[in-house]
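Data first, discussion second: the structure below is written as structure tokens.
Quick note: numbers below take in every heavy atom, side chains included, and nothing from hydrogens, waters or symmetry partners. Proteins come first, then strands; the chains are lettered A, B, ... in the order of their sequence lines, and each starts at number 1.
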Number of protein chains: 2
Amino acid sequence: MKTKAPHDLETAGTRERIVRTASRLMQRQGYEGTGIKQISREAGATLGSVYHFFPGGKQELGTAAVRLGDEEFTELLREFLDAEPDPAKALVALTASLAQGLRESDWLDGCPVTSTVVGTAAGAPGIQQAAAEAFARWRAVVAGKLVTAGFAEADAEDLAHTVIATLEGAELASQVARSETPLEAAGRHLARLIATYGGSVRT
Amino acid sequence: MKTKAPHDLETAGTRERIVRTASRLMQRQGYEGTGIKQISREAGATLGSVYHFFPGGKQELGTAAVRLGDEEFTELLREFLDAEPDPAKALVALTASLAQGLRESDWLDGCPVTSTVVGTAAGAPGIQQAAAEAFARWRAVVAGKLVTAGFAEADAEDLAHTVIATLEGAELASQVARSETPLEAAGRHLARLIATYGGSVRT
DNA sequence: CGGCGACTAGAACGAACGCTCTATCCAGAG
DNA sequence: CTCTGGATAGAGCGTTCGTTCTAGTCGCCG
């Protein structure tokens with residue numbers, strides 16, 4: 001994986017533009033709801049370019065989109081966990097940020113990995129596997145933070161499962177309900193749950 | 001809502017067969033990934049019948065499918081909550097049951113409401129609204145149980161948000177990871193969270 | 001028996017799908 | 001300069017999409 005990594009401009013490499021566009025569109029419309037022609041059009045690329053960079057077709061492109069979503073959320077997660085020594089407080093801040101992002105997109109931009117992978121379990125194994133790897137990485141990041149904060153390794157890994165699952169579920173619930181409440185409650189309750197492992201309890 | 005309600009046989013009314021088939025297919029393949037012709041074929045109905053019963057087309061059919069999923073899960077939820085006075089224990093039993101169902105379907109059958117609604121936020125408002133109503137109903141069922149168990153109403157409604165969100169997220173995580181672990185951990189942690197509200201704590 | 005609404009049946013439409021194909025462009029190596 | 005191979009470009013393939021439409025079947029009420 002030796003990418004030139006021109007990291008954000010819209011004048012980024014064609015391949016980069018295609019993946020970003022695919023990720024954004026699949027986040028809103030799902031994998032099946034997004035057409036390759038729509039992606040190429042909105043990315044300012046042509047069909048030829050898409051199949052040049054992704055000879056595996058839509059499935060390979062979807063996999064790349066999931067991996068991009070993985071990287072982006074991993075970075076966000078690390079950012080919030082690093083900014084605050086107390087994991088509970090970090091999670092509250094993270095849920096608030098997720099809720100804000102959701103609201104600002106008019107409740108359209110949920111988790112890109114979730115939106116893309118749902119409905120592809122059968123028939124697109126590459127995407128399903130990339131999503132599984134994403135969830136595993138996020139869990140590892142959370143578990144690492146908990147260990148650093150003094151948790152036993154077993155407890156940390158166990159808790160990380162629920163932290164990630166609850167974040168995913170709450171983001172989905174917030175999106176569907178078009179309300180920040182589920183995410184806000186999730187943050188508060190995760191903090192409370194973490195506090196039961198010997199830390200200070202603060203409602 | 002005056003349905004004749006022939007409740008399960010495959011010789012049920014045509015309309016019933018169509019909705020059930022639509023719900024099952026959308027649960028596996030998502031809304032966009034499921035074609036009306038596939039539904040009519042597998043339901044043993046014809047295209048004419050589908051449009052006779054659902055003149056609103058695919059969107060109306062999708063909405064009906066979401067409502068069916070709503071009813072089914074509401075019933076399951078009530079069943080587990082009624083079978084056990086302690087809400088925490090009931091939730092542990094529920095997550096175990098969900099995990100078992102998921103495994104038995106070879107990790108194909110996630111939450112029918114979630115699978116159908118994801119990716120339809122824009123462009124199919126009826127489906128999104130039906131899903132919002134489903135989540136709200138489930139929350140109300142959980143909150144009712146918590147109140148019965150002695151929780152303050154505000155705490156109960158607050159907790160219900162996280163219970164439903166965590167169940168959704170854990171089912172998704174279990175499906176993607178093809179493992180019962182996320183659901184099992186979610187059940188245990190929800191029980192622990194509930195126990196922090198004054199009940200007996202039992203890990 | 002005639003008539004009527006509910007339901008079944010499936011051909012056909014235009015649009016969009018994922019993908020293949022050939023043709024062209026162009027920077028750098030020789 | 002020529003040559004080459006990565007990258008761009010888009011017409012066109014066969015298929016499927018959601019939907020519409022006309023025709024036919026059936027049971028029931030008069």
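- Counting only N and O atoms by type, the side chains of Gln129(A) and Glu133(A) include a donor and acceptor under 3.5 Å apart.
- At a threshold of 4.5 Å between non-hydrogen side-chain atoms, the residues Ile127(B) and Tyr31(B) count as touching.
- Around CD of Glu153(A), the count of heavy atoms belonging to other residues, nucleotides or ligands within 6.0 Å does not exceed 12.
- Non-hydrogen atoms lying under 4.0 Å from DNA chain D are contributed by nothing in residues 118-130 of chain A.
- Close to dC7(C), at under 4.0 Å from its OP1 or OP2, lies no side-chain N or O of Ser49(B).
- Classification of Arg178(B) and Asp106(B) as a salt-bridged pair holds, one side-chain N sitting under 4.0 Å from a carboxylate O.
- Each end of the helix from dC1(C)-dG30(D) to dG30(C)-dC1(D) gets its own axis from five base pairs, and the two axes differ in direction by 20°, given to 10 degrees.
- For the salt bridge (Lys or Arg N to Asp or Glu O under 4.0 Å) with Glu42(A), the lone residue among Arg20(A), Arg28(A), Arg17(A), Arg24(A) that qualifies is Arg24(A).
- In this structure the side chain of Glu180(B) reaches within 4.5 angstrom of the side chain of Trp107(B), judged on heavy atoms.
- In this structure the side chain of Ile39(B) never reaches within 4.5 angstrom of the side chain of Lys58(B), judged on heavy atoms.
- Judged by distance alone, the side chains of Gln29(B) and Thr34(B) do bring a donor and an acceptor atom under 3.5 Å apart.
- Between Thr162(A) and the choices Thr166(A), Ile164(A), Asp158(A), the side chain to side chain contact (heavy atoms under 4.5 Å, CB included) rule is met once, by Thr166(A).
- Residues forming a salt bridge (charged side-chain N to carboxylate O under 4.0 Å, His left out) with Glu184(B) (at least two apart in sequence, or on another chain): Arg188(B).
- A donor-acceptor contact shorter than 3.5 Å is absent between the side chain of Gln27(A) and the backbone of Thr116(A).
- Chain A approaches DNA chain D over the interval dG6(D) to dG12(D), counting the first and last nucleotide 5' to 3' with an atom under 4.0 Å from its heavy atoms.
- As rounded to whole Å, 12 Å separates atom P of dT8(C) from atom CZ of Arg15(B).
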Quick one: which protein N/O atoms are closer than 3.5 Å to N/O atoms of nucleotides 17-24 of chain C? Pair and distance per line, please.
from    : atom 1 : to       : atom 2 : distance (Å)
dG18(C) : OP1    : Thr34(A) : O      : 3.3
dG18(C) : OP1    : Lys58(A) : NZ     : 2.7
dG18(C) : OP2    : Ile36(A) : N      : 2.9
dG18(C) : O6     : Lys37(A) : NZ     : 3.2
dC19(C) : OP2    : Tyr51(A) : OH     : 3.1
dC19(C) : OP2    : Lys58(A) : N      : 2.8
dC19(C) : O5'    : Tyr51(A) : OH     : 3.4

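- In this pair, Phe151(B) and Tyr197(B) present their aromatic rings tilted. The plane angle is within the 30 to 60° band.
- Arg137(B) meets the side-chain hydrogen bond (donor to acceptor under 3.5 Å, both in side chains) test with Asp70(B); sequence neighbours excluded.
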